[in-house]
Protein chains: 2
Amino acid sequence: MSHHIDTLQLKVAQLSRKTHELGIPVMIIFEGIPASGKTRLSNDLLLQLDAKYTNFIATKSPETYDLRYQFLQKYWNTLPQKGDINIYFRSWYSHYLDYKENNIKHHQYVNYDSLLKQISNFESMLKKDNYEIIKFFIEINEEKRQAHIQQTKSNPLMRWKVQEYEEVIPQDVYLNEMRRIIHNCNDWQIIDYTVREQAITNMYLNIIERLEYALEKYQKHEEYIDGEFNSHFSTSLFNIEESKIKKKDYQHQIVELQTRMREIQFALYKRKIPLVLVFEGMDAAGKGGNIKRIREKLDPTGYEVNGISAPTDVEKNHHYLWRFAKKMPKSGHIEIFDRSWYGRILVERVEGFAEHHEWKRAYDEINQFERMWTDEGTIIIKFFLCLDKEEQLQRFKDREQNPNKQWKITDEDWRNREKWDMYLEASQDMIKYTNTKLAPWHVIKADHKKTSRLEVLKTIIKRCEDVL
Amino acid sequence: MSHHIDTLQLKVAQLSRKTHELGIPVMIIFEGIPASGKTRLSNDLLLQLDAKYTNFIATKSPETYDLRYQFLQKYWNTLPQKGDINIYFRSWYSHYLDYKENNIKHHQYVNYDSLLKQISNFESMLKKDNYEIIKFFIEINEEKRQAHIQQTKSNPLMRWKVQEYEEVIPQDVYLNEMRRIIHNCNDWQIIDYTVREQAITNMYLNIIERLEYALEKYQKHEEYIDGEFNSHFSTSLFNIEESKIKKKDYQHQIVELQTRMREIQFALYKRKIPLVLVFEGMDAAGKGGNIKRIREKLDPTGYEVNGISAPTDVEKNHHYLWRFAKKMPKSGHIEIFDRSWYGRILVERVEGFAEHHEWKRAYDEINQFERMWTDEGTIIIKFFLCLDKEEQLQRFKDREQNPNKQWKITDEDWRNREKWDMYLEASQDMIKYTNTKLAPWHVIKADHKKTSRLEVLKTIIKRCEDVL
C-alpha cells in the first residue's frame, strides 16, 4: 500500500510538470472542518510539487483590510499564472461562510445571496480560460477527529492551536452549508480521512484523473463553438447632438462642476462607496483631457488613474481580467481607467491579439466581472468618447505641429486610423452587448472638447447623486 | 507670474518624459504638518505628469496589516520601476514618526533608533541604482494655515477632514523631529507655502534642477569607481569534515529533528518572529532535498518556498532587491529561498548579467538589506551547500539516467559546471564579504546527502533556540 502511494506521488509530480510546461493553471481546493485532515492531505500534495510553480494559499478570517475590497479580491490577486498550481487551504467557500455566518457587512450593499453566484461566475470564467479547478471536501469519523485534537492538545507547544479551532465558524453550521453547496454542484470530490492511506490514495487518484483529462483536453485543441453573434453595422449610437459652448460659460461651469465633484469624492469616502470610471473612445477623442478635468480638484490621496497599455509578460500569463481586478478601488476610493478591460473586445479583437472565441465570450465575462463589483455597491460609469473621423485627422495634425504634443502622436495612431471602420464596429458591438443596467455606457460626442468635458462631469455627478 | 508657472509646468512635463524614456526612476516626497499646503502642491505636480507612469502614494498611519511586516516593507512593495515617478504624500519619514510617537511595537525587537538608519540605507541604496529622490518639506505661516482650516470647516461635506488632522501626531512633535532630521541631512528642500504662487514656482524650479541634473548624470555615463576588492582565491572555507551516517541512525534522527522543527515553527509563530532561510550552493548540491526535509512536518499555512529563477521583465525594471523584499515573511512566518538575492554576486557576476560596479557594490547593499530585517528581529539563516566537483559529475549522470530526475538536469547545468572555478571564486567572495554577525553563513559539506540534511536541520534549530 505504501509503495502504491509512492507511485501515485511520482505520477502527480510528473503530470504537474506537464501542466506546467503547457501552461495550464491548476487550482486545488481543500475544505473541511478543523482537524479533519486537510492539513495532512494538502501538505502531502504540496511536498510532491515543484515549489517554483506551486503556491499554498490559506484563507484566513476576513480582516479590516479585506473588507475594504470586493468579496473575491484576494483570490483575484493571487490567481495562479499559466502553468502554476495553487493549493487552497480553505477557499472562497470558507470565505463566503465567514461573511455569511459572521454577518460581515463591509458596506451597506453586501448581499450574501449574490456571493455564491459570484463564486460560480468566478469559477466558470476561469474554467473557460483553461483553468483546472479541483475541489476536495474532507470528512472524518468524529472519534478519529477527537483523537487528532487530543494529540495536538497533549503537546504544550501546540495546545493554543486547538483553541483556534473553536474560534472559527461553528462546525455544524459549516457542515450544513457546505453539504448544501456540494449537493447543488457535482464537481466536488468527497474524501473520507478516517483511514489515512485510503484518503491519500483517493486524493491522488482524483488529481491524476483530472490532470490527465486537462492535458488531453488541451492537446486535442478542441474546436471552440462560437455562439451566434450579430455584427450588424449601425452608426445610430453615435449620432448625438452636440453644441459648442462659449469660453466664458465653460470656465464658469467647469469650476462649479469640479467643486461639486470634490464634494462627491468626500461624500463617497464617508459612505465607503467605491467609484470606477472607465474611459474608452477613438484616439485623440480627449480621454486624457477629460480625465484631467475630473481630477483637477480631487484630493489626490483618494483616487488613482490607470493608464492601460499592452500587458507585461506576467500579465499575459494570467487571466486577462487579472490586471484590472487587482486595480479595482477599495471602499470610498475612485479608480479611473484610461482604456480598460474593454481592450479585449476592441484592440485585441481588431488586431487579432485575442482568438475569435476568446473575445466573443468576453462580452459575457465582462458583464459578470463588472457585476461582481456593482453587486457590492461599487458605482461603475463607462464613457465612450466618440469622435468624427475628420475631426480626428485635424487633431492628429495639430499634435504633430505642436512641440508640446508631438509625443502624443505615434505611428500606431495612424495605423489604428486606417482600421477606423473595424474599430467602430467593435465599439458598437461593445456598447450593444455590455450596456448593462448596473453599468451602462454613456456615449459622449467629443468633437467639441469643452462640451464633452462638461457632459462627462455632469454624468458622473448625476450618477453619484442618485446613489448618495 | 501665472504665465511663468505654465512654462515651468510644461518644462517639468517635458523633463519627466525624458526621465521616463531613459528609465530613470524618480521619487518625490512631500512632508509638512496638516493644512500646510502639501495636498495643493503635490496635486499641482501630479496633474502635470503622465498618469501612465506616475503613482501617488499616501502614507497612512500603520495598521495591523503593516505591523506584521518590516518597517519599510510597504515602500519596497511600491518602489517605482525604471522611468516611473512616485509622489509620496507623507513618506517614510512620517511613517517613522508614526512608529516613534505612537510607540508602536510590532514585536519586542523594534528599535526606533535603527529606523532612521534604515531610511538612510534605503535611500542610499536606491540612489546608487540611479533613483532620483527629491524631498520637500512644506512650511506655512500659522495664520494662513488657520485660514485653510477654517475654509475646510465651513464646508459641511468637508468638516470631518479637519477632525482627522487632529488625530495625527501632535504638530510640535512632528515639527521638532522633522527639523532635526532636516538639519542632519542637507538634501531637503524647504518650501514656504505662505505665498502660493511663490511656493509652486519654487517647487517646480527645484524639480527642474534635479531632473536636469539626473539626466545629465545619466547621459555622461559616469565612470564608476570601484572600491578595492580582494578576489584572492582560497578554498579553506570548504574544507569541512564530514562523515557518512548509517541509514537507520539517519531515519531516527531526521524524524526527531523534523518534529522539533515543527515545534520551533509554532513557537516562532506564537512569538511573532519571522524566519528566513537562504539556500545557495553548487548545482545538484541538494538544495531542494534539504528544503524538502525541512518542510516535511511543517504546517503549510505558516511557510512558503521561493524558487528563484531569472527575473521577469517587470522585475528587471526594478531595483534588483525589490522582488526579494516583496517576499520577506510577515511576523511569525517562515520564508525559504531556494537561491536568493545572492544571485547578484553569483550568477549575475559570473555570467556578466550585472555590470562590474553593480555586483561589487552589492556586498554592502546586501548586508544593509539583511540588516533591515535582522534589526527588527527577523532570524536570517544562510546555507551554502558545498559539493565536490567529482561528486557533482556523478549526480549529474545519475539524474540523466533516472527518468524521474531527468527534468532536473539541463544544458545550463553542464554549462555552469564548465565555469566551476569562477562560481567557486564568486561563492568564496560572497561568504567572505557577507558573513555578518547577525546573518552569518553556514557552509555545509553536501557530499553525503543524509549528513548534510541533519546538519542543516540542527543548525536551524540551534539558531532558533538561541532566540526563543
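Lettering follows sequence order; numbering is per chain, from 1.
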* Asked: Given that the side chain runs from C-beta out, which part of B:Asn55 has a heavy atom under 4.5 Å from chain A: side chain, backbone, both or neither?
  -> neither
* Nearest heavy-atom neighbours spanning A:Ile308 and B:Lys52 -> O-CE, 4.0 Å
* **Residue part contacting chain B, namely of A:Tyr303, when any heavy atom lies under 4.5 Å** => side chain
* Contact class of B:Leu47 relative to chain A, heavy atoms under 4.5 angstrom -> both
* Is a side-chain donor or acceptor of A:Asn43 paired with a backbone partner of B:Glu296 at a separation under 3.5 angstrom? -> yes
* Would you mind checking which part of A:Gln48 comes under 4.5 Å of any heavy atom in chain B, side chain (CB onward), backbone (N, CA, C, O), both or neither? => side chain
* Structure fact -> Applying a strict 4.5 Å limit to non-hydrogen atoms, the region of A:Asp44 in contact with chain B is neither
* Greater than 12 external heavy atoms within 6.0 Å of A:Lys405's NZ -> no
* Heavy-atom distances under 4.5 Å only: say whether A:Asn306 touches chain B with side chain, backbone, both or neither. => neither
* When heavy-atom pairs shorter than 4.5 Å are enumerated against chain A, which of B:Leu10, B:Thr312, B:Thr54 gives the highest number? -> B:Leu10
* Looking at B:Lys270, B:Arg40, B:Glu263, which one has more heavy-atom pairs under 4.5 Å with chain A than the rest? -> B:Lys270
* Structure fact -> CD (A:Gln9) and CG (B:Asn404) are apart, to the nearest 0.5 Å, by 12.0 Å
* Could you look at B:Leu298 and say if it's the side chain, the backbone, both or neither that has a heavy atom under 4.5 Å from chain A? => backbone
* Between B:Phe89 and chain A, which part of the residue has a heavy atom less than 4.5 Å away: side chain, backbone, both or neither? -> side chain
* Out of B:Gln14, B:Arg17, B:Glu21, which residue meets the side chain to side chain contact (heavy atoms under 4.5 Å, CB included) rule with A:Trp407? -> B:Arg17
* To do: Mind checking the CG-NZ spacing from B:Leu46 to A:Lys292? Nearest 0.5 Å is all I need.
  => 10.5 Å
* Structure fact -> Okay, A:Glu63 and chain B: the region with an atom under 4.5 Å from a heavy atom over there is side chain
* **chain A contacts, top residue of B:Ala13, B:Gly307, B:Pro300 (heavy-atom pairs, under 4.5 Å)** => B:Pro300
* Given that the side chain runs from C-beta out, which part of A:Thr301 has a heavy atom under 4.5 Å from chain B: side chain, backbone, both or neither? -> both
